[in-house]
Amino acid sequence: MKLQIDGDRLWGTLMEMGQVGRDGDGVNRLALNDANKEGRDLFTGWLRDEGLEIQVDRIGNIFGVREGTDRDEPPVMVGSHLDTVREAGVFDGALGVLSGLEIVRLLNQEDVETRRAVAVAAFTNEEGARFQPDMMGSMVFTGLLDAEKAWAASDDDGVTVKDELQRIGYLGHDELDAGHYLELHVEQGPVLHSEGVEVGVVEGVQGMAWWDGEYTGEANHAGTTPLHLRRDALLAASELCLRLRETAERLGEGSVATMGRLHPRPDIRNVVPGGAFFTVDFRQYKRELYEEGQETVAELIRDVAERHGLEHSLTQTVDAKPVMFDPGMVDLVESKTKELRLSYRVMHSGAGHDAQFMSHICPTAMVFVPSIGGRSHCPEERTLRADCVNGANVLLRCVLELSTGFNRTSQ
Ligand SMILES: [Zn+2]
């Protein structure tokens, strides 16, 4: 008989974690705050109950390791994060971590011996809501960010990551490796729910480019300055906003471009705006199109400035390239989803996840389950119990294959 996730136990665990940091309707477990510590303590208590060895690394990532018979091979790792944004729901992050816990509980209960170790991971500060950058724990774990730099990050009150790690007792020094990584996560978008599909087989994470830009013209009297003599920075930024939309449509393949902030100066009703600060966010999952889009957007910003006779400044603040997961791992997720006779679609993640950094060091894939109405990062975030259990069952089968298989070389 095939092992099955205990749906009641998984759901109960999720709901219990969802009470930690509860503040009105939402959950507030901002990275390294008191509620985050409480969530960590609850999680490590559960790991201890299963007899797992608990490891904490320098950035406070927590790993519960269930040993396999082969001690030379790195563990199959499953996980996600326990920190949340402010006024969050209960599923984002916690589902991935607690499904890993549920898998280990099941392996223990059924006395399953695995060849390779299974590690359940809870990464520090995935959300980036209190300390930047986001996905801090997985970036440090994979060597893409120095621990010292991450430690120095401070919140709005000037409190640093290192201070908080020390204060809550999660500044560790363990070092762990991962042979494979799998992450179950709620989609946080509307695709699966709107299409009535049960599982998302995630083959990659889309790239994201951010710019801060500023147009500078000339502030002048709104009554006395004829149109042809104006150097109106807000007019240019408005044109840019419209043309960004056209550009994304023309590039196609799911490209999206957004001007999320726009501040005219001096911001007075009877003055032609002499300055305009704006931000641009561009996303695309195909590597070549992402690069093309980046160039096109930067050119467009310059071009609009020229047409309006303005000076401009432009700083690119983020260039997170698209990530494609290991094809063997994506196939594995797809085949296990099929085995379970679940409906699925292969898709890309629109949001960033720890898995995108883990994919730099080991074969990685993700499993998505539907978010009702696509809502997330809010108290209304919901995923059906049946969908959580489906996703955890896909994860379970993948873990079993990777940890017990002898001939799988998915690199
Ligand atoms: Zn998340």
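Counting convention: from 1, in listed order, for ligands and their atoms alike.
We find the CG-CG distance between L395 and L400 to be 10.0 Å, quoted to the nearest 0.5 Å.
Ring-centre distance between F277 and W211: not below the 6.0 Å cut-off. You'll find the ring centres of F141 and Y181 outside the 6.0 Å limit.
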Pair R245, E249 - check salt bridge (charged side-chain N to carboxylate O under 4.0 Å, His left out), show working. CA-CA 6 Å; R245 169 81 181 217; E249 281 171 354; 3.0 Å; yes
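A side-chain contact (heavy atoms from CB on, under 4.5 Å) with K37 holds for exactly one of D41, D34, N33; it is D41.
Of all protein N/O/S atoms, those under 2.8 Å from the Zn ion (ligand 1) are H81 NE2, D92 OD1, H185 NE2, and waters are not counted.
Here the side chain of W151 pairs a donor or acceptor atom with the backbone of R58 at under 3.5 angstrom.
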